[in-house]
Novice: 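Have a look at this one before I ask anything.
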Amino acid sequence: MRKLLDIDREILSFLKISKNIAQIHQAHAEVVKKGVKQDPVVAFELIWACSSTDSIDYAGKVFAKLEAPNVFHFTALIDGHILLGLVAEAIHLYYEMVGELVHPDSYVTASVLKACGLGLALREGREVHGQVVKLGLSRNRVVGINLMEVYGKCGVFQDAWKVFDDMPEQDAMLRTAMMSCYFDHGRVAEACALFSGVGKKDMLCWTAMIDGLVRNGEMCRALEVFCEMQRENMNPNEVTIVCVLSACSLQGAMEIGRWVHSYLGKFGIDLNRFEGGALINMYSR
DNA sequence: CTAGGGTTAG
């Protein structure tokens with residue numbers, strides 16, 4: 001007789017490659033047939049697969065049948081809700097989890113803080129912050145960045161800076177997150193100052209800068225930064241391209257837009273719905 | 001014996 005672990009492994013590898021709801025249904029049928037639907041790892045992979053394919057109702061059904069949901073299951077379900085913008089439900093699930101005395105870890109804490117930031121749920125964010133301290137997660141990078149974003153998005157910058165300063169290392173990622181928060185509030189000068197303070201700027205930092213300028217109507221400066229990043233031998237990716245095309249479109253900078261368009265191949269970028277949409281938008285103006 | 005982080009048009 002095969003061990004449960006061997007059966008698990010087969011289903012797990014199938015679950016991990018399930019990319020659409022049809023495959024997930026098939027995998028779920030296998031799980032039920034093999035009688036491993038209460039296996040925590042299998043259940044996690046199943047919920048995770050549903051959550052990452054926008055099948056949140058199905059994820060919820062699988063979750064509801066679990067006899068003893070653990071922190072992994074809650075995290076997977078919470079992340080699925082966040083993906084669809086259902087942040088109030090995500091926060092609610094976290095409270096439900098704590099109420100059921102399931103011990104929060106850094107992953108689920110980071111997830112609920114992400115939801116608080118997106119939902120501008122300052123009160124809940126502060127509560128979770130208190131738990132972060134109690135749980136000893138204050139120095140966790142992902143937790144810290146999401147906590148900073150809660151305060152930044154809610155406009156309480158002094159609290160955001162407090163979190164920033166208390167992190168073990170103030171690197172490019174942290175500064176970029178802070179910069180985006182200032183851009184969210186139209187505070188371009190502060191955002192630019194942060195950008196200047198980033199020592200080694202990576203792709204996300206450059207792109208976040210361009211995006212922030214575009215969102216604040218600073219088209220010329222956005223295009224300047226785009227040129228500057230290439231002088232620094234940084235090749236734009238598809239996200240950068242969408243931001244730049246958007247700037248070109250709003251600015252009426254057709255020459256630059258055409259130039260970017262003709263170089264999509266050089267950057268190794270295939271048109272997807274984002275770039276295509278941005279191009280159509282630009283030319284139609 | 002499970003998983004993640006900052007950037008995506010209008």
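Note that these values count all heavy atoms, side chains included, but never hydrogens, waters or copies made by symmetry. Convention: sequence-line order gives letters A, B, ...; per-chain numbering from 1.
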Novice: With the six-membered base ring of B/dT7 as reference, does the ring of A/Trp206 sit under 5.5 Å away with planes under 30° apart?
Specialist: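 The base of B/dT7 is not stacked with A/Trp206 (the test needs centres under 5.5 Å and planes under 30°).
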Novice: In whole Å, I'd like the distance from the CG atom of A/Leu245 to the C1' atom of B/dA9.
Specialist: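 Going from A/Leu245 (CG) to B/dA9 (C1'), I get 9 Å.
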Novice: Looking for any heavy atom pair under 4.0 Å, which part of the strands does A/Ala172 touch: base, sugar-phosphate only, or nothing?
Specialist: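 Base contact.
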Novice: Is A/Lys16 near enough to B/dT2 that one of its side-chain N or O atoms lies under 4.0 angstrom from OP1 or OP2?
Specialist: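 So the side chain of A/Lys16 is outside the cut-off, no N or O lying under 4.0 Å from OP1 or OP2 of B/dT2.
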Novice: Of the candidate nucleotides B/dA3, B/dG6, B/dT8, which contains the atom at the shortest distance from the side chain of A/Val239?
Specialist: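 Closest nucleotide among those given: B/dT8.
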Novice: Under the 3.5 angstrom rule, does the side chain of A/Ser249 hit a backbone N or O of A/Leu245 as a donor-acceptor pair?
Specialist: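 Answer holds: no.
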Novice: Check every strand shown and say whether A/Glu149 touches a base, only sugar-phosphate, or nothing at a heavy-atom separation below 4.0 Å.
Specialist: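 Here A/Glu149 touches the backbone only, sparing every base.
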Novice: Under a single-linkage definition using a 4.5 Å side-chain heavy-atom cutoff for Ile, Leu, Val, Met, Phe, Trp and Tyr, are A/Val198 and A/Met209 assigned to the same hydrophobic cluster?
Specialist: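 Not linked; separate clusters.
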Novice: Can you tell which of B/dA3, B/dG5, B/dT8 lies closest to the side chain of A/Glu45?
Specialist: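 Looking only at heavy atoms from C-beta outward on A/Glu45, the closest nucleotide is B/dA3.
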Novice: Rounded to the nearest Å, what distance is computed from the CG atom of residue A/Asn140 to the C1' atom of nucleotide B/dA3?
Specialist: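 In whole Å, B/dA3 C1' and A/Asn140 CG are 13 Å from each other.
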Novice: How long is the line joining CD1 of A/Ile17 and P of B/dT2, in whole Å?
Specialist: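 Between P of B/dT2 and CD1 of A/Ile17: 20 Å.
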Novice: Students often get this wrong, so: under 4.0 angstrom with heavy atoms, is A/Trp48 touching a base, only sugar-phosphate, or nothing?
Specialist: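 Here A/Trp48 touches the backbone only, sparing every base.
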Novice: I need the OH-C1' distance between A/Tyr182 and B/dG6, as an integer number of Å.
Specialist: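 It works out to 16 Å between those atoms.
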Novice: Report the distance from atom CG of A/Asp184 to atom C1' of B/dT7, rounded to the nearest whole Å.
Specialist: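 The distance from CG of A/Asp184 to C1' of B/dT7 comes to 12 Å, rounded to the nearest Å.
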Novice: Please check: side-chain N/O of A/Ser246 versus main-chain N/O of A/Val242, any donor-acceptor pairing under 3.5 Å?
Specialist: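 Checked: no pair found.
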Novice: So what does A/Asn146 touch, heavy atoms closer than 4.0 Å: a base, only the sugar-phosphate, or nothing?
Specialist: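 Here A/Asn146 touches no strand at all.
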Novice: So is the aromatic ring of A/Phe274 stacked onto the base of B/dA9, judging by whether the centres are under 5.5 Å apart and the planes are under 30° apart?
Specialist: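 It does not: the two rings, one from A/Phe274 and one from B/dA9, miss the stacking criterion.
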Novice: Among B/dC1, B/dG6, B/dA3, find the nucleotide with the atom closest to the side chain of A/Tyr107.
Specialist: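 Closest nucleotide among those given: B/dA3.
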Novice: Which of the following nucleotides, B/dG5, B/dA3, B/dG4, is nearest to the side chain of A/Phe72?
Specialist: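 So the side chain of A/Phe72 is nearest to B/dA3.
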Novice: Rounded to the nearest Å, what distance is computed from the CG atom of residue A/Leu83 to the C1' atom of nucleotide B/dG4?
Specialist: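 These atoms are roughly 13 Å apart.
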Novice: Rounding to a whole Å, what distance do you find between A/Ile78:CD1 and B/dG4:P?
Specialist: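 Checked: the CD1 to P distance equals 15 Å.
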Novice: Quick one: label A/Leu250 by what it contacts on the DNA or RNA (base, sugar-phosphate, nothing), any heavy atom closer than 4.0 Å.
Specialist: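 Sugar-phosphate contact only - A/Leu250 comes under 4.0 Å of backbone atoms but never of a base.
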Novice: Among the candidates B/dT7, B/dT2, B/dG5, find the nucleotide nearest to the side-chain atoms of A/Asp211.
Specialist: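 For A/Asp211, the side-chain atoms sit closest to B/dT7.
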Novice: Kindly say whether A/Val108 contributes a backbone atom to a donor-acceptor pair with the side chain of A/Asp105 at under 3.5 angstrom?
Specialist: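 Yes, the answer is positive, given that a donor and an acceptor are paired below the 3.5 Å cut-off.
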Novice: Examine the base of B/dA3 for any acceptor or donor lying under 3.5 Å from a partner atom in the side chain of A/Asp105, and report the outcome as yes or no.
Specialist: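 Side chain to base: pair present.
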Novice: According to a strict under-4.0 Å criterion, is A/Ser246 in side-chain N/O contact with OP1 or OP2 of B/dG10?
Specialist: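 It does, given that an N or O in the side chain of A/Ser246 lies less than 4.0 Å from OP1 or OP2 of B/dG10.
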Novice: Is the NZ or CZ atom of A/Arg187 positioned over A/Phe157's six-membered ring, under 6.0 angstrom from the centre and within 45° of the axis?
Specialist: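 Verdict for A/Phe157: a cation-pi partner in A/Arg187.
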Novice: Does the side chain of A/Phe63 reach to within under 4.5 Å of the side chain of A/Phe74, using non-hydrogen atoms?
Specialist: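 A/Phe63 reaches A/Phe74 side chain to side chain.
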Novice: Could you check how far CZ of A/Phe63 sits from P of B/dT2, rounded to whole Å?
Specialist: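 Answer to the nearest Å: 19 Å.
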Novice: Which of these nucleotides, B/dG4, B/dG6, B/dT2, is closest to any side-chain atom of A/Asn70?
Specialist: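 Minimum distance to the A/Asn70 side chain belongs to B/dT2.
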Novice: Hey, does the side-chain of A/Asp202 have a donor or acceptor N/O within less than 3.5 Å of a partner on the base of B/dG6?
Specialist: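 Such a pair is found, so the answer is yes.
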